[in-house]
Amino acid sequence: MNILKLTEECFEREVLKADKPVLVDFYADWCGPCRMMSPIIDEIAEEKQDVIKVGKVNVDENQELAIKYDVSSIPTIMIFRNGIPVKTFIGVTDKTEILENL
Amino acid sequence: MYDVIIIGAGPAGVSASLYTQRANLKTLIIYYGKSSLQKAENIENYYGFEHGISGKDLYELGIRQAQNIGVEVKGQEVVNVEQLINEDARFRVTTVEGKYESKALIFAMGNEKNRPKIKGIERFEGKGVSYCAVCDGFFYRNKDVVVLGSGNYAISEVNELINVVKSVAILTNGESSPEFRADNVKIETKPIEEITGKDRVEEVRFKDGTTLKTSGVFVAQGVAGSLDLAKKLGVITKNNNIVVNENMETNMQGLYACGDCVGGLLQVSKAVGDGAKAGMEAIKFIRKIHNS
C-alpha cells in the first residue's frame, strides 16, 4: 500500500499531472473524525492500487492547498481526474460510496 | 466510570440496558426530550398487549423496568460526545449537568432532525454552513461566524468556537434569547429570511430586510441529535441514518447504534430487537477488553 504524503511542493506533480485518478484526503492530526476516515482510505489504497493513486494532505502544514480547494470541513475527500477535482465528499464517508465514484 | 452509557430511553435504549445491566455491567441511560414512542396514541401491533397500549404508558413502563433492575437513568440534555484515546474509558458524554465516561456507548436517541428550513442552508453545506464546531472551527480562524440556535447545544457550540474565531454571534431565528451572556458574543433574535453568497456564505438576510456579514454559519438548532453527535465522532452516516452492520456496530470500536437512528422499520418491535443486539454486542466487547 502506497499513500502519498502530499504537500504544496509536490501537489502539481503528484496530483494535477498524474496519469491516473487521484484520491486526496484532507485531514489534520487533531481531528477525531479524520482518524475514523484513515483506515477507510488505507483500505481503498490497498484494494485499488492498480487503478488510482491515493494521497493525504495535512491541512495544518498545507493551508494554501486547503484554501485553493475551498476545504472548510475535514475530513474532505476529493477525487481528481486530469488535474480537476471531479467529486468531493465532506465528512467521514462510507467506503462503498467512494468506490462507486472512482 | 460506567461500563455502558446509552443515549436514549425509548424501546431500543431500554432494551439494550436490560441486557447490559443483567450481565452485571454498570449501565447509565441518559435521555432528553420526547421520544417518538410517547407521541403514539395507541400501539396495537406490538406483542403481548391484548387491547394495545398507549405509547406514553409503554415508554414509562420501559424506563421503570430498567430502573427496577438497577440501571441508572438520568434526564439530561447531551451536548457533546468524545472518543478518548489511551484511557480506560473510551467515551465521554457531556450533558448540561455533567460529564460521564464509559467503555462502550450505545446511540438510541431516535432520529429527530433539527435541520432549519432556511433558504440557502442546504446550498452552502460545506461552503460556509457547518454542523460541527469542533471539526470545522479551525477553518474560520480570524473570521466572523454565527451559530444558529437558541438552546444549550447552541451555547456549547459557541464555547467551542469562541477561542478560535474572530467573533461569534448567536442567531435564534425568532426564538427567545438563551440565558447566556458573554461580552464578545452578540445575540440576535430576528427571524432569518435567507443565507446568501456567491460561491460561499457571505451574508445572513433577516426578514426585516437587514443583513449581517458572516463567513460561517454553524447550525445547532434544538437538541443535538444522533446525526450531530455521529458527525463529531466521525461515525459514518448515510441518508440521514447511522450506518451499522448486522450486529449494530458502527465504524467506531465500542460504539453501537440501534432503533430509529439507524433507519429501517420505525417500529417498537424492531427497536427492541436492535437494542437487544446492541446490548449483547456491548457485553461481548467489554468482556473482550477486560480479558485482554
Side-chain angles (χ1 to χ4, degrees), chain A residues 8 23-47 56-80 84-102, chain B residues 80-86 90-92 122 124-143 145 160 164-165 197-201 215-219 227-245 250-255:
Chain A
E8 280 150 20
L23 185 73
V24 180
D25 175 17
F26 291 84
Y27 78 101
D29 290 331
W30 46 264
C31 156
C34 299
R35 282 195 289 276
M36 297 308 296
M37 194 66 224
S38 192
I40 299 170
I41 296 292
D42 293 351
E43 279 179 35
I44 294 173
E46 179 88 46
E47 284 174 31
K56 293 190 180 196
V57 174
N58 183 322
V59 295
D60 278 328
E61 295 164 4
N62 300 282
Q63 295 182 15
E64 290 300 317
L65 284 176
I67 292 166
K68 184 174 177 193
Y69 291 102
D70 213 4
V71 173
S72 60
S73 181
I74 47 174
T76 284
I77 293 90
M78 284 187 192
I79 299 172
F80 284 79
I84 297 163
V86 291
K87 182 78 191 171
T88 302
F89 304 93
I90 295 168
V92 179
T93 308
D94 197 19
K95 186 170 106 182
T96 50
E97 203 177 331
I98 296 174
L99 290 177
E100 280 165 13
N101 285 279
L102 281 176
Chain B
N80 199 12
V81 175
E82 297 155 85
Q83 186 189 28
L84 306 174
I85 310 282
N86 301 327
R90 288 171 178 245
F91 298 98
R92 180 183 296 134
E122 228 170 283
F124 290 113
E125 276 176 12
K127 292 173 186 160
V129 169
S130 167
Y131 294 92
C132 177
V134 68
C135 319
D136 302 342
F138 167 83
F139 296 99
Y140 296 89
R141 283 164 304 169
N142 305 318
K143 290 185 178 169
V145 302
E160 292 283 354
V164 182
V165 299
K198 199 166 162 252
D199 300 319
R200 295 186 56 82
V201 167
S215 300
V217 175
F218 287 81
V219 181
L227 295 172
D228 301 307
L229 297 177
K231 189 150 199 162
K232 284 181 198 300
L233 288 169
V235 169
I236 298 174
T237 62
K238 197 171 183 181
N239 302 330
N240 291 328
N241 295 312
I242 294 176
V243 175
V244 289
N245 65 11
T250 67
N251 61 315
M252 179 171 276
Q253 220 186 21
L255 177 65

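Chain naming here is simple, since letters A, B, ... match the order of the sequence lines and numbering starts at 1 in each.
For CD of Glu8(A), the number of neighbouring non-hydrogen atoms (other residues, nucleotides, ligands) closer than 6.0 Å is greater than 12. The environment of CD in Glu47(A) is crowded: more than 12 heavy-atom neighbours from other residues, nucleotides or ligands sit within 6.0 Å.
The shortest side-chain heavy-atom distance between Arg92(B) and Val81(B) does not fall under the 4.5 Å cut-off.
Across Gln83(B), Arg141(B), Lys232(B), the residue that shares the most heavy-atom pairs under 4.5 angstrom with chain A is Arg141(B). Interface summary for chain B: among Pro39(A), Cys31(A), Ser72(A), Pro33(A), the most heavy-atom pairs under 4.5 angstrom belong to Ser72(A).
With a threshold of 4.5 angstrom between heavy atoms, Ile40(A) approaches chain B through side-chain atoms but not through N, CA, C or O. Interface remark: Tyr131(B) contributes no atoms to any contact with chain A (heavy atom separation under 4.5 Å). Proximity to chain B involves both the backbone and the side chain of Ser73(A), based on heavy atoms less than 4.5 angstrom apart.
The pair Asp70(A)-Arg200(B) meets the salt-bridge criterion, with a side-chain N (NZ, NE, NH1 or NH2) lying under 4.0 Å from an Asp/Glu carboxylate O.
Donor-acceptor pairing under 3.5 Å is recorded for the side chains of Lys56(A) and Ser38(A).
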